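Below, chains carry the letters A, B, ... as their sequence lines are ordered, and counting in each starts from 1. Quick caveat, the model's predicted, so the values are computed rather than measured.
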Protein chains: 2
Amino acid sequence: MNVTEVERTLGAAEDSCRASGARLTDKRKNVLAVLLRSQKPLSAYDIVDQYSKDYGGPIPAMSVYRMLEFLAKENLAHKLNSENKYLACAHINCNHHHRTPQFLICGSCNKVIEIGIRPEMIEALRDAVKAAGFRLQSSQLELNCLCDNCAKESVTTADS
Amino acid sequence: MNVTEVERTLGAAEDSCRASGARLTDKRKNVLAVLLRSQKPLSAYDIVDQYSKDYGGPIPAMSVYRMLEFLAKENLAHKLNSENKYLACAHINCNHHHRTPQFLICGSCNKVIEIGIRPEMIEALRDAVKAAGFRLQSSQLELNCLCDNCAKESVTTADS
DNA sequence: GCCCTAAATGATATGGTGTATCATAATTAT
DNA sequence: ATAATTATGATACACCATATCATTTAGGGC
């Protein structure tokens with residue numbers, strides 16, 4: 001995400017927090033900015049490193065964890081449970097109604113995209129779970145994939 | 001799983017390994033037995049602890065990781081990526097054709113069951129992923145759920 | 001503005017998780 | 001029997017996550 005987009009998204013994040021009465025402090029905003037500028041999901045310690053590069057001073061890992069927790073609660077960031085990494089929500093700008101996201105994770109280049117699977121499909125999943133004697137609590141899915149780019153390369157590599 | 005069932009399942013595991021030319025050593029079998037006797041998924045270090053209780057001596061964590069890797073490759077155990085825990089495959093005995101499993105994880109009591117979602121649903125998921133420019137690599141899903149038992153209790157608690 | 005309270009951040013310590021590396025033991029094949 | 005492969009042990013270390021207590025900062029009522 002380029003600088004302009006980051007700025008605009010941070011503005012939207014501020015609006016969103018103002019609306020919900022949450023305090024988007026400077027450091028929380030900086031952590032969000034680090035996520036927004038990253039092309040890939042980051043671990044808490046990745047963020048610590050990048051933060052100190054971007055903002056000229058260290059930040060305690062403990063604080064980063066807390067800020068990530070805050071951002072997740074405000075729906076400004078998501079946690080990838082399968083990787084223990086974090087990424088900015090892809091819809092901070094949009095006025096989309098917020099649905100639980102699904103993530104496609106490229107196992108080769110680690111690129112991740114956030115999608116929204118058709119609600120009917122989620123409902124079918126919910127039914128299947130119910131039939132097994134459980135209740136679906138979260139429809140956040142983290143799917144192990146290859147992006148088309150890496151899929152193409154692996155074919156090329158295999159052929160050569 | 002009771003003692004008799006464990007014995008029978010270990011026998012099936014031996015058959016399976018013999019068929020594939022893999023070596024199910026005593027310790028690997030013991031690790032599998034620990035998983036079979038457990039009602040819940042175990043971390044590698046949980047297994048280290050339980051192993052030393054059950055077999056009267058310590059086992060290096062490093063070895064447990066390697067044995068789990070072996071068991072997973074032989075489809076005798078599965079890894080829950082979202083929890084970094086392991087459980088025995090539910091179908092070692094059955095002659096089921098082996099499909100990629102899906103797991104329902106109770107967020108309250110940590111009970112986990114292994115299910116097989118209808119292939120058509122998996123295909124629909126695969127299509128949705130493809131439409132987003134990715135290819136689904138694994139159909140192993142780990143779904144955050146409540147088991148009916150815990151769901152009932154939480155309702156009761158809420159009412160009282 | 002001042003004080004009080006609550007919220008946010010910092011500092012430190014600690015435990016759990018996972019892997020790299022090299023050494024040793026056991027198994028298999030020739 | 002010996003060599004090669006595979007399995008296991010031992011040690012070290014890096015990373016991940018949280019608990020705890022101290023300190024700073026922000027907001028609300030006066």
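A salt bridge (Lys or Arg N to Asp or Glu O under 4.0 Å) with A:Asp54 is found for one member of A:Lys29, A:Lys27, A:Arg37 and no other, namely A:Arg37.
Sequence neighbours left out, the pairs with a member in residues 12-54 of chain A that pass ring pair (Phe, Tyr, Trp, His ring centres under 6.0 Å) are A:Tyr51-A:Tyr55.
Salt-bridge annotation for A:Lys40 and A:Asp46: absent, with no side-chain N of the basic residue lying under 4.0 Å from a carboxylate O of the acidic one.
A:Glu5 places a side-chain N or O within 3.5 Å of a backbone atom of A:Asn2 that can act as its donor or acceptor partner.
The separation between A:Asp49 atom CG and D:dC15 atom C1' is 11 Å, rounded to whole Å. Atom CZ in B:Arg18 sits about 17 Å away from atom C1' in C:dT28, given to the nearest Å. Atom P of nucleotide C:dG18 and atom CD of A:Glu83 are separated by 14 Å, given to the nearest angstrom. Rounded to an integer number of Å, the gap from NZ of A:Lys85 to C1' of C:dG18 is 14 Å. In this structure, B:Asn81 atom CG and D:dC16 atom P are separated by 16 Å, rounded to whole Å. Going from atom CG of B:Leu24 over to atom P of C:dT28 covers 13 Å, rounded to whole Å. One atom, CG of B:Asn30, and another, C1' of D:dT8, lie 13 Å apart when rounded to the nearest Å. Straight-line distance from the CD atom of B:Glu69 to the P atom of D:dT6: 14 Å, rounded to whole Å.
Qualifying side-chain contact (heavy atoms from CB on, under 4.5 Å) partners for B:Glu123, counting only residues two or more places apart in sequence or in other chains: B:Arg126. Not counting sequence neighbours, the partners of B:Gln137 by the side-chain contact (heavy atoms from CB on, under 4.5 Å) test are A:Asn144, A:Leu146.
Taking every heavy atom of both residues into account, A:Ala12 and A:Asn93 meet most closely at CB-OD1, 3.6 Å.
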**Item:** Per-nucleotide protein contact string for nucleotides 3-16 of chain C (B base, S sugar-phosphate only, - none; heavy atom under 4.0 Å)
**Value:** ----SSBBB-----
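Taking the C1' atoms of five terminal pairs at each end of the helix from C:dG1-D:dC30 to C:dT30-D:dA1, the two resulting helix axes are inclined by 30°, rounded to 10°.
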Please report, to 0.1 Å, the donor-acceptor pairs under 3.5 Å made by any side chain of residues 66-81 of chain A, with sequence neighbours excluded.
| unit_1 | atom_1 | unit_2 | atom_2 | d |
| --- | --- | --- | --- | --- |
| A:Glu74 | OE1 | A:Ser20 | OG | 2.9 |
| A:His78 | NE2 | A:Glu114 | OE2 | 3.3 |

**Request:** Evaluate the salt bridge (Lys or Arg N to Asp or Glu O under 4.0 Å) criterion for residues A:Asp15 and A:Arg18: first the C-alpha distance (whole Å), next the side-chain angles of each, then the deciding distance (0.1 Å), finally the verdict.
**Result:** CA-CA 5 Å; A:Asp15 294 345; A:Arg18 204 176 351 258; 3.0 Å; yes
